[in-house]
Structure formats: structure tokens, C-alpha cells
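Each chain gets a letter, A, B and so on, in the order the sequences are listed, and its residues count up from 1. Note that the structure is a prediction, hence the values are computed from the model and not measured.
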Amino acid sequence: MTSIEVTALTKEYGSTRAVDGLTFTVEPGKVTGFLGPNGAGKSTTMRLVLGLDRPTSGTATVGGRVYASLADPLREVGALLDAQNAHASRTGRNHLRALAVSNGLAPGRVDEVLEETGLTSAAGRRIKTYSLGMRQRLGIAAALLGDPPVIMLDEPSNGLDPEGIIWIRELLRRLAREGRTVLVSSHLMNETASFADHLVVLGRGRLLADTPMRAFLDAHRHDRVRVRSTEQSRLREALVKQGYAVAFDEDGKLTVEDAQAADIGALAAREGVPVLELVDEQTSLEQAYLALTAEDAEFAAQHTPSGAARS
Amino acid sequence: MTTAAVLRSEWIKIRSVRASWGSLLSVFAAALAVTLLAFPLIGQAEADNPDYDALFSAFYAMNFAQIAAISFGATAFSSEFAHGALRVSLAAVPRRGLFYAAKTAVIGLAALALGLVTSFATFLVGQLFMGDYAIGLGHPGAVSACIGGGIYLALMALLASGLTALLRSGVAVLSILIPFVLIVGFVIGDMSAGVAEFLPDRAGQIVLHSEHTGTLGPWTGLGVTALWAAASVLAGWWAVRRRDA
């Protein structure tokens, strides 16, 4: 199968370095979430992979080949960069037809992807009448047109309604199950957590993490237990005596930092405090991501006193 | 990816945007409408002027057709710069040389086909109202003028499309080229010799005249216009080839 290989990729716009020595590989058969704050270089990286922008140095290839050398690129890579990137005066169908014809795709593919993205009834309307969600669907239809083994989507769920978000999640999972390489950028953590198997995280153009989602969550795990009992203040005293950092949360539960539920349960039993609720808090992707970017910001603060020093 | 496939795709793109398809059709529509308005009213009256050129007067409507041809060339290319459509186009056809050549060829060929039809139609329809002053295709230089007029319209469309690729804006190109052909020619007036003769519109329209008094002849004049168009197309290529999309 085909993967996306990014090697020592750097792109400078004037004195700003949008992408800075990036190296990673996007593997087939899973959904790779591409994370980072706005301006971290996600979209630039995607444009470099597609050969739309030229790298200052380094390479970006698909299946070992430079994008521009692909014979019929839509059969190899399907990309959605920005849902607005379509001439608004064309109908959805004509937009797809022009793309399909250029790559010698069967005319029937146009109707198939329209059907798949739920745009059949809107296909004859001009794109300017489409809502943002419909434009996203059209962009995804264009990406699927050549039935490509590699799919690259930049913020695909922008503007989608709740049904649309569920639809895109299931679509991404299915594409990965079919063995395709799926790279999806987002700045929405909960959403990414719902479909990604692997994560590539950028910050200020640099690679911050390239790791399976599970490992990422574990690496940035912060152990914390929530507990509720009939005698909160007695339990609290006992915990503090044991050296735990304890606080009341907004619901009146006790939160115990750096603790495991098993230890707290045993402690409560020894103290004879009846426990009503006891749970290990799960690390969310959002928390793990914020922990990572906080480390990066700290590193940046220590190593580059001013932003100008980098350029 | 075949050249034929990319050409077909570019043709679909022109057909499917109202601005470009409409301006292509308006090359013909504008010329015919002006001919039908002007010739019945003033055609024969003009023919009494002492410096009357029966051939050049027959192509009066070309002044309007060339504006439409310029608009067509500009809008056919500027549709790529609207809404970032160029990114999608180059993702589908990443060989920029192939993309640019196919688009330029389709613009040139479409303008040539419609230009030839327009040129002949304008000539033949206009003469229906000329009564005793009417000339036919047998008139010396008439067929050359009709063919040359079609080529001239295609070259003006290419001049506009190349500039649009360079400046990335149809509006900018229209606001340069249209005043240029309307005003510069008018200000310079009847000066037929000197530098003015080598301006793209002046040179290319020599073929529409019965008599050629300047340095350039009908075909060398079109050659000069072709050089202008080629320079513009090459400048556009330089921009499309090297810029980030």
C-alpha cells in the first residue's frame, strides 16, 4: 500500500518558517490525526505534499514518488484542502466532471461520489448556493473521485452538522479499514479522538509527536481519582495525612492528584469511610495535547527569548 | 494522463462558468448586434465620405467583438484565481506545463473558431444593408480580412489570458486592456506610421483595410499582434510555473 513520506521538509515564506525540518510517515490502514494550533504548518505540509507549494528544502512523496510525477494523481491521492476551493459559478456536478475527465476517470464515478456524499439532489445547483457543510461534502466527493489509496483532508468537518460529523467519522474509519492511508487535520481534539488511530502533532512548524493515539494518551497521562463519600471532610483529612493533594471539584467530589483508585479505595476502607463513588479519571486527548503543547511552549520560552530570534 | 483528457477538462471548465462561456458567445453576439444596429441606420450614409474604405467599414463591429474577445480570454483564465480553484486544478493536473498549454490552447482555439464565424458573419450581414455600395467576398482582400479578423480576435483573447495568468486577476487585465484598445487607439488617431502601428490592436487590424500604407502589411501586422500575444502567454507561463499555488 501507499504511504505519505515527509523527509526533512522545510518551507519558508519570506522570513517566516511555516514548516521546519519535518520528518514523518503516514502509514496505510489507519486514520492519522494531524494536530496542531492554527498556523502550526498543517495546511502548508499538505500543499507541499501535493506539489502546490515548493519546499525550501526536503521532500514530500507519496508511495516514494513526487506528486507531480504521478500519471493520474486523482487515482493515487484524494485531497480536500479548503472547501471554498471551487469556482462558485459551476454546478457541483460540472466541478467534479472537469476533474474526472482530466484524469481519465469513468464518468459514472461523478454520480457515485455525489451519491456517497449525499449531494445527488444538489448536483445541478451552482456551488455558490451551497452551505459550508455541502461544500465540505463536495470537497470530500472530489477527494474520493479517483478511488485513491491515499486520502488527505484538511479540517473536513468544518461546517458539518452533527449528522455530517458522524458521517465523516464513519467514512474515515471505513477508508482506513479498506487499507487506505488517511491523513486528517483538525484542531478539534474530541473529534480527532473519535476517529484517529495515530497522531502527528505539529507546533510552530516542527514535529512535536508522531505516535499511536493510545501511547500519546499514556505518555501524557495525569493520574487523578475522583471520589465521593458520605463523610467527605473525614476522608479528606485522611488523604491529606497520607500526603495526597486533595481538592473539592465543582460537584462537591474530592479530586485526588497522582493517585490510583485502588489505593484510595483501600485507604477509605481502612478509615471506615463509606464510599459512594470512586473512579480513575481518563486522560482526554485534549488534556494530553495541552500538556504536550505546554511543554513545547516552555521549551520555546527557555530556548528562544524572542520570536524574532528564530528567523 | 493524456493531453486530450486535459483539453476536454479545460473545455468543460470554460463551458461551465457563465462568465467565460457567456463572454465567448458575446464575441459573436456583440458583433452581430452592433452590425444590425449600425448598418441599416448609417451604413450607406458613411459610404459617401471621401476617405471611405468599403472593407474596413464592413468590420465596424469588430471594435466591439474585440472587447468581448479580451473579456473571454481574461475570464477564462481568471476563473482559476477565483475561490482558489487553481489549487484543485493543479492537484488534478500537477504537470503545470500541460495544464497551462491545454488551457491556453482551448482559449485560443475557442476564440479562433468563434472569431472566424463572427468575422464572416459581420461582413456578410452588414453588406445586406449596403444597397448599391455592397461588396461581396469577391472584393479584393475580403476573404483575407474575414480570416484575418478571426485570427485577430483569437490573438486578443490570448493576449488577455496570458496577462491574467501573470497578474492573477481578470479585473486588473480588463482595466488595462480595454482602456488600452479604446483610448490609446483613439488618442493616437489616424497616425498610421511609427510606433503606433506596432501596438497589438493597430497591427492586427491592418488586415481589415483595403489599402496598407504603413510599414506593416496585413499578415506581418497579424504577426506583430501574434508576438504580443506570445509574449503575454510566455509571461503568464513564467508566473504559473514558478509561483506557489
Side-chain angles (χ1 to χ4, degrees), chain A residues 11 13 18 43-44 46-56 62 66-105 110 126-128 135 138-139 142-143 145-146 152 154, chain B residues 1-24 72 74-103 105-107 164 168-170 238-245:
Chain A
K11 175 67 181 178
Y13 296 102
S43 303
T44 305
M46 288 189 171
R47 283 204 305 277
L48 289 165
V49 171
L50 295 175
L52 294 173
D53 289 10
R54 271 138 231 258
T56 307
V62 178
V66 173
Y67 187 84
S69 72
L70 301 174
D72 285 323
L74 297 184
R75 293 179 194 269
E76 310 285 335
V77 183
L80 162 65
L81 290 183
D82 181 341
Q84 306 299 339
N85 288 354
H87 198 291
S89 301
R90 281 196 187 100
T91 63
R93 175 174 279 113
N94 280 334
H95 174 69
L96 296 175
R97 264 181 70 219
L99 293 174
V101 164
S102 70
N103 276 240
L105 307 176
V110 171
R126 299 211 274 164
I127 296 170
K128 66 175 64 162
R135 288 178 199 217
L138 182 65
L145 201 55
M152 211 164 55
D154 197 357
Chain B
M1 177 174 299
T2 64
T3 307
V6 181
L7 286 169
R8 271 187 62 211
S9 166
E10 289 302 327
W11 177 238
I12 291 172
K13 286 192 202 166
I14 285 175
R15 285 290 315 268
S16 60
V17 169
R18 217 174 269 182
S20 53
W21 179 233
S23 54
L24 177 61
F72 167 65
T75 50
F77 214 111
S78 70
S79 66
E80 293 290 348
F81 300 120
H83 323 285
L86 183 63
R87 287 197 186 141
V88 177
S89 297
L90 287 180
V93 186
R95 284 161 59 194
R96 296 191 183 192
L98 177 60
F99 165 77
Y100 188 77
K103 187 175 277 294
V106 168
I107 292 171
T164 306
R168 304 186 132 203
S169 162
W238 172 81
V240 167
R241 185 175 62 112
R242 61 180 291 281
R243 280 190 197 149
D244 287 338

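B:Ser89 pairs with exactly one of B:Lys103, B:Glu80, B:Glu10 by the side chain to side chain donor-acceptor pair (under 3.5 Å) rule, that one being B:Glu80. Each of A:Arg54, A:Lys11, A:Arg47 was compared with B:Asp244 under the side chain to side chain donor-acceptor pair (under 3.5 Å) criterion, and only A:Lys11 meets it. Checked options A:Leu105, A:Leu138, A:Thr91; the residue passing with A:Leu96 is A:Leu138 (criterion: side-chain contact (heavy atoms from CB on, under 4.5 Å)).
Interface remark: A:Arg126 contributes side-chain atoms only to the contact with chain B (heavy atom separation under 4.5 Å). B:Arg242 touches chain A through its backbone: at least one of N, CA, C or O sits under 4.5 Å from a heavy atom, while the side chain does not.
For the set A:Leu70, A:Leu145, A:Asp72, the count of heavy-atom pairs under 4.5 angstrom toward chain B peaks at A:Asp72. For the options B:Ser79, B:Ala102, B:Ala85, heavy-atom pairs under 4.5 Å to chain A are most numerous at B:Ser79. Here B:Ser9 is the residue among B:Ala82, B:Ala19, B:Ser9 with the most heavy-atom pairs under 4.5 Å with chain A.
Taking each heavy atom of B:Pro94 and A:Ala68 in turn, the nearest pair found is CB-CA, 3.7 Å.
No close placement of the B:Phe77 and B:Phe72 rings is indicated, their centers lying 6.0 Å or farther apart.
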